[in-house]
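Here is the structure we will look at.
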Amino acid sequence: MNMLDGLNPMQREAVIHKDGPLLLLAGAGSGKTRVLTHRIAYLIHEHQVNPYHILALTFTNKAANEMRERVDGIVGYGSEMIWVSTFHSTCVRILRRYIDHLGYERNFTIYDADDQKTLMRDICKYLNIDTKKYNERSFISTISHAKDELKDASKYRSEVESDYGKRIFADVYTEYEKRLKNNNALDFDDLIMKTVLLLRKSEEVLTYYQSRFRYLLVDEYQDTNTAQFILLSLLAKANRNLCVVGDDDQSIYKFRGANIYNILNFESIFPDAKVIRLEQNYRSTGNILEAANGVIRHNKMRKEKTLWTAAEEGEPLSYIQYPNEYEEANGIVHSIRRKARKDGTSYDSFAVLYRTNAQSRIFEEKFIYEGIPYRIVGAINFYARKEIKDLLAYLKTIENSNDDISVKRIINVPKRGIGLTTIDRISVYSIEHEVSFYEALQNIDYISGCGRAAPKIKSFVALMEALKNHEEDSGRSLTDLINEITDETGYVRELENEGTEEAAARLENIAELKNKITHYEESETENPTLSELLENIALVADIDTLDNNSEQVLLMTLHTAKGLEFPYVYLCGMEESVFPGAMAIYQGDEAEIEEERRLCYVGITRAMKKLTLTSAIQRMKNGDLHRNQPSRFLNEIPRFLLAKEAKEAPKKQKKAEYSPEKASIFHTGKKNPFAGNPYIQKGIKGSEPDYGVGDSVRHTKFGTGTVLTMNKLKDDYEIVIEFENFGQRKLRSSFAKLSKV
DNA sequence: GAAGGCGGTCTTTTT
DNA sequence: GACCGCCTTC
């Protein structure tokens, strides 16, 4: 097969390019994965690059797996030697091999957000910090951002020295860093930062990876943070074969440290970079694309570009305003069912996208009620469930008993009668004697005040030691180990005795965990280890477990939807202070709004055939009722995409009163009711028409016609008109701006 | 030491 | 409206 077949000229150029930096500005749906995979194949087959020298980096495992599959499909022999993986997994792989250069042990534990929080709570307690004044989250995010910028605690401290108010952050960071080190644990940000540190520290390791990775390809480049950029620079320094693919318009991870200047300034950092733009979209209809362009055009900080398509206009977009979030969910669920029933569209062709996870709950209720298969992606990760985390903490303790967070998590789970007082005393001892919490447990006889708890502690230690021995007994499997844990600890028994529905659900989850472990052991790798199992678990996101063709409607946030596409997309909650979110509006920072707008652009461009936007006039938020104006982004969608009529500026309309049962629907052929600005009109109710059946009327676009029927709705009229030049049209009187002639 | 109740707080997005 | 921490009670 010719690797250039079916590629457009721009794509072809990108595939052929061999050496030197390459920036691919690839708009949504422009076939970038296709370009990347073909490029890899071309490097191997035409440029005789050894597959062993190629590294392709993505952000999610899902993207990595997909790329892997497609690369395997076109490269054939040798494709397994190509390293395709996420930033985080790549770093873990490097660190597992060399982290001893940094004074860590190779069996380090990876802390997730939950573990971080627990650790931070401990630290605040230890440092006597009033968590009412400073919350743990602000510390965590400060530290995280520092790490994104490769600043360790001492660097951070020196930077904020002059700022007295920030000293406490430096103190917390210092302690946090120390604890992680003592626990032989790394958080997510460390994975990148420590790898950079390692490569900077050891010439030998750096040279090794530089000569291994001669061709680098990076997907979703706009999401990289400074640390990741430095990592790439280090790796690419020797050969300068760095190909990055990204779209600044889809940069939506600023809060996670993504540095948009990585892509905006790529050409000034690599002056010899070749830049190729992919602007032809192969995903969406013309209307959808035009809407997306219309919205993103309002951003000032961007590389100018316009997506275009050879596809036809397709269906117009719909905007529907509902009285509240219940009606919104109801309307969307019904619309999906109607469509599915009408022409047998599979449920996996639909996606409901929202700004915040909290919005998913009502939809979930509705989908259950209507018996429509659905899946919520993201909200609660399977591995974040309490029972799963508990069992994983056992496994983590077995793997790395220096991990105090895990040991403390399970020491009294299930209940062993070891209370907080005892735990505190042991903590104090462990800090004073600079030993791990687990070691302190082993020294329980020397800790004063623990007399009564001592036997319980001893039996816990004995239990853990027995489990550890089991693990070292190489003849036995991880499945055996997890079974032994659930049996010996009495964890399962306790749940079984509870007999509640909730306990039953937890038991089911535990069974599921066991399945996953068995599955890992039997099929994932040749040499399964506990360490690798834990690592796989730590690095999967919910989205990674998504399989296509699941016959389920997918519900997810706009963030998790990035990189996916669906024939029918419902973008809900299009209201000011929901989307764009209150935070962005309140901060009054245009950059924040621009980030939200990019998110909107991402959402719109997920749709292939039809996009439906919805909003609610009022909704419950944080426990109280809010009335929000429709989102400004709706107003940025060119009017004619929602309505075929748009000449005169709309009259200010009176605030309409709403009753729960009425939802106003703007479909094709009706005037966009919220044209004008800056805020969109809430009301859409028209006044009584001054014409009747049989009258001659004039329409601004369709010209003159005769009213055939008038159908009274709740507070509008549905009118069928026979136009002289446009035939029969069904219109709403409130939008159509008809005048009697 | 455990369990249940109360009140305050904070709400974006995630590898 | 959810969660967390704190308090009370047993």
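Convention: sequence-line order gives letters A, B, ...; per-chain numbering from 1. Since we're looking at a predicted model, the values are computed, not measured.
- Look at NE2 on A:His559: it is 9 Å from P on B:dT13, rounded to the nearest Å.
- A:Asn61 has its CG atom 15 Å from the P atom of B:dT14, to the nearest Å.
- Summarising the geometry, the separation between CD on A:Gln250 and P on B:dT13 is reported as 20 Å, rounded to the nearest angstrom.
- The distance from atom OH of A:Tyr111 to atom C1' of B:dT15 is 19 Å, rounded to the nearest whole Å.
- A:Asn412 has a side-chain polar atom (N or O) that falls below the 4.0 Å cut-off from OP1 or OP2 of B:dA2.
- For A:Ile252 and B:dT15, the CD1 to C1' distance is 13 Å, given to the nearest whole Å.
- Looking at heavy-atom distances under 4.0 Å, A:Thr86 makes no contact with the nucleic acid at all.
- With sequence neighbours left out, the side-chain contact (heavy atoms from CB on, under 4.5 Å) criterion links A:Asp114 to A:Asp112, A:Lys389, A:Arg409.
- Using a 4.0 Å heavy-atom distance criterion, A:Asp223 is classed as making no nucleic acid contact.
- A donor-acceptor pair shorter than 3.5 Å can be found between the side chains of A:Thr86 and A:Ser89.
- The distance from the CZ atom of A:Phe579 to the OG atom of A:Ser615 is 13.0 Å, given to the nearest 0.5 Å.
- In this model, the phosphate group of B:dT15 is not approached by any side-chain N or O of A:Lys62 to a distance below 4.0 Å at OP1 or OP2.
- At C:dC4, none of the side-chain N or O atoms of A:Arg121 fall inside 4.0 Å of OP1 or OP2 (strictly under the cut-off).
- A:Lys415 comes within contact range of the sugar-phosphate backbone alone, with a heavy-atom separation under 4.0 Å but no base atom that close.
- Applying the 4.0 Å criterion to OP1 and OP2 of B:dG1, one finds that A:Thr422 has a side-chain N or O inside that range.
- For A:Ser577, the side-chain contact (heavy atoms from CB on, under 4.5 Å) partners at least two apart in sequence or on another chain are A:Ala582, A:Ile585, A:Lys621, A:Asn628.
- In this structure, A:Phe188 forms an aromatic stack with the base of B:dT15, since both conditions hold: centre separation below 5.5 Å and plane angle below 30°.
- To the nearest 0.5 Å, the span separating CG on A:Asp115 from CG on A:Asp187 amounts to 10.0 Å.
- Counting to the nearest Å, the P atom of B:dT15 and the CZ atom of A:Phe87 are 15 Å from each other.
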Polar atom pairs between nucleotides 1-3 of chain C and protein, under 3.5 Å, N or O only, would you list them?
residue, atom, partner, partner atom, Å
C:dA2, OP1, A:Arg361, NH1, 2.4

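- For A:Phe139 and A:Phe169, the distance between ring centers is under 6.0 angstrom.
- An aromatic stacking contact between A:Tyr253 and the base of B:dT13 is absent, as defined here by ring centres under 5.5 Å apart and ring planes under 30° from parallel.
- Between A:Asn225 and the phosphate of B:dT15, there is no side-chain N or O to OP1/OP2 separation shorter than 4.0 Å.
- Between C:dC4 and B:dT13, the two C1' atoms lie 22 Å apart (nearest whole Å).
- Remark: aromatic rings of A:Phe213 and A:Tyr209 are close, center separation under 6.0 Å.
- Looking at heavy-atom distances under 4.0 Å, A:Asn357 makes contact with sugar-phosphate atoms alone, never a base.
- A:Phe255 comes within 4.0 angstrom of a nucleotide base, judged by non-hydrogen atoms across all strands.
- Comparing A:Ile418 and A:Thr557 by the nucleotide of DNA chain B that holds the closest heavy atom to each, the one mapping nearer the 5' end is A:Ile418.
- Checking A:Ser144 against A:Ser141 by side-chain atom types alone, no donor-acceptor pair falls below 3.5 Å.
- With rounding to whole Å, A:Asp115 atom CG is found 18 Å from B:dT14 atom P.
- Protein atom CD1 of A:Ile140 is 14 Å distant from nucleotide atom C1' of B:dT14, rounded to whole Å.
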